[in-house]
Asker: 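If you scroll down you'll find the structure; I have some questions about it.
All values derive from a computational prediction rather than experimental measurement. The sequence lines fix the lettering, A, B, ..., with proteins before strands; numbering per chain opens at 1.
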Number of protein chains: 2
Amino acid sequence: MQTPQEMAQALSRAGLRMTGPRRAVAEMLLERDGQFTAEELLAESRSRGLGIGRATIFRSLELLGRLNLVERIDLPSGEHAYLLCEPEHHHHVICSRCGRADAFAMEDRALPERLEQIARATGYRIDAHRLEVYGVCPDCQANAHPMGSDA
Amino acid sequence: MQTPQEMAQALSRAGLRMTGPRRAVAEMLLERDGQFTAEELLAESRSRGLGIGRATIFRSLELLGRLNLVERIDLPSGEHAYLLCEPEHHHHVICSRCGRADAFAMEDRALPERLEQIARATGYRIDAHRLEVYGVCPDCQANAHPMGSDA
DNA sequence: GTTTTTGCAAACCATTTGCAGGGTC
DNA sequence: GACCCTGCAAATGGTTTGCAAAAAC
């Protein structure tokens, strides 16, 4: 998703309505383009005086998830976060320091092949998969404590 | 993990103690070898009259996670489940019908390569990744409603 | 004997829900 | 004008925590 309009279109395609609160949520998301939690959005909504309730934040995120405009991911810590995405590619590298997330689509031939191998090896019929990659983004590497002090 | 002894060893290596409740948890896990939730273990502990408390179940699972003997996964639904694993290979196919999980180690050359590609393409330093594959296991395929009725 | 672990119950936290009022198509 | 959506606050459900008693080393 790049603009609130995209959300509006997706909503109307689904017979749903574009509303003030939903647009506000979309705008908050678009300003971030990294990962974010429901809590953060709620805080921002409050500090900006947008007057959007907790429930609406969660409901909007869930809706956006169903529309494939955001993806909900589970951090290794067990926390939930959401990130913007385009309906097509569905893998992300997530920075463990700052939370920035980048999608990678690349020539995604290897993974499907691998999944087929897995299917053959295990006998499962494969329906879905999730690949999440964690690391440190270029900016955080540059700003890292320079002496290798990892603490 | 194949036996409670493995847990005992890992514990003592870490300067921790093998106790009755921990052994009992280990035994419950070993009897399942698919995926399970903390809640299920608690229920089993109760129905067997083992007298192991909620807190101990959670604490043991967390501990086993740190020892790399179980892995905590997040189902697409957002629920948490745990599954036994060996410290080496860390990918699983999970059956969405019965919850069985199987590990696949196979010639795992493709994924590391791919991660390097991702690192190059995105500039991230990659530290960790999670790949979870969901599908229907052989048994459930065999026992599926035979007429293709997916309901 | 010292230190870790346990069980209980209460605390916690993120997320969900019921419902009456307000907004959208 | 009918139906969808929102906000609030209370309910929920899974997970964590404080503490005194019990177990392991």
Asker: Set out, line by line, the N/O atom pairs under 3.5 Å between protein and nucleotides 23-25 of chain C.
Answerer:
residue	atom	partner	partner atom	Å
C:dG23	N2	A:Arg17	NH1	2.6
C:dT24	O3'	A:Met18	O	3.4
C:dT24	O2	A:Arg17	NH1	2.9
C:dC25	OP1	A:Met18	N	3.4
C:dC25	OP1	A:Met18	O	3.4

Asker: Between A:Asp74 and B:Arg130 (salt bridge meaning N to carboxylate O under 4.0 Å), is one present in this structure?
Answerer: no
Asker: Taking only Lys NZ, Arg NE, NH1 and NH2, and the carboxylate oxygens of Asp or Glu, determine whether A:Arg114 and B:Glu113 approach each other closer than 4.0 Å.
Answerer: no
Asker: Can you tell me the distance, in whole Å, between the CG atom of A:Leu63 and the C1' atom of D:dC4?
Answerer: 12 Å
Asker: Mind running a 4.0 Å heavy-atom check of residues 43-54 of chain B against DNA chain D and sending the residues that fall below it, in number order?
Answerer: B:Arg54
Asker: Answer with base, sugar-phosphate or nothing: what part of the nucleic acid does B:Arg59 contact at a heavy-atom distance below 4.0 Å?
Answerer: base
Asker: Say whether, by atom type as modelled, one donor and one acceptor occur between the side chain of A:Ser60 and the main chain of A:Val25 under 3.5 angstrom.
Answerer: no
Asker: Please confirm whether the shortest side-chain N or O distance from B:His80 to OP1 or OP2 of D:dT15 is below 4.0 Å.
Answerer: yes
Asker: Anything under 3.5 Å between a donor and an acceptor, one on a side chain of residues 16-24 of chain A, the other on a protein residue two or more places apart or in another chain? List them.
Answerer:
residue	atom	partner	partner atom	Å
A:Thr19	OG1	A:Arg22	N	3.3
A:Arg22	NH1	A:Arg17	O	2.8

Asker: How many whole angstroms separate atom CZ of A:Phe58 from atom P of D:dG13?
Answerer: 16 Å
Asker: Which one, D:dT16, D:dC5, C:dG7, comes nearest to the side chain of B:Thr56?
Answerer: C:dG7
Asker: What is the distance, to the nearest angstrom, from the CD1 atom on B:Ile57 to the C1' atom on C:dT6?
Answerer: 12 Å
Asker: Any idea how A:His129 and A:His91 line up, ring-wise: parallel (<30°), tilted (30 to 60°), or perpendicular (>60°)?
Answerer: tilted
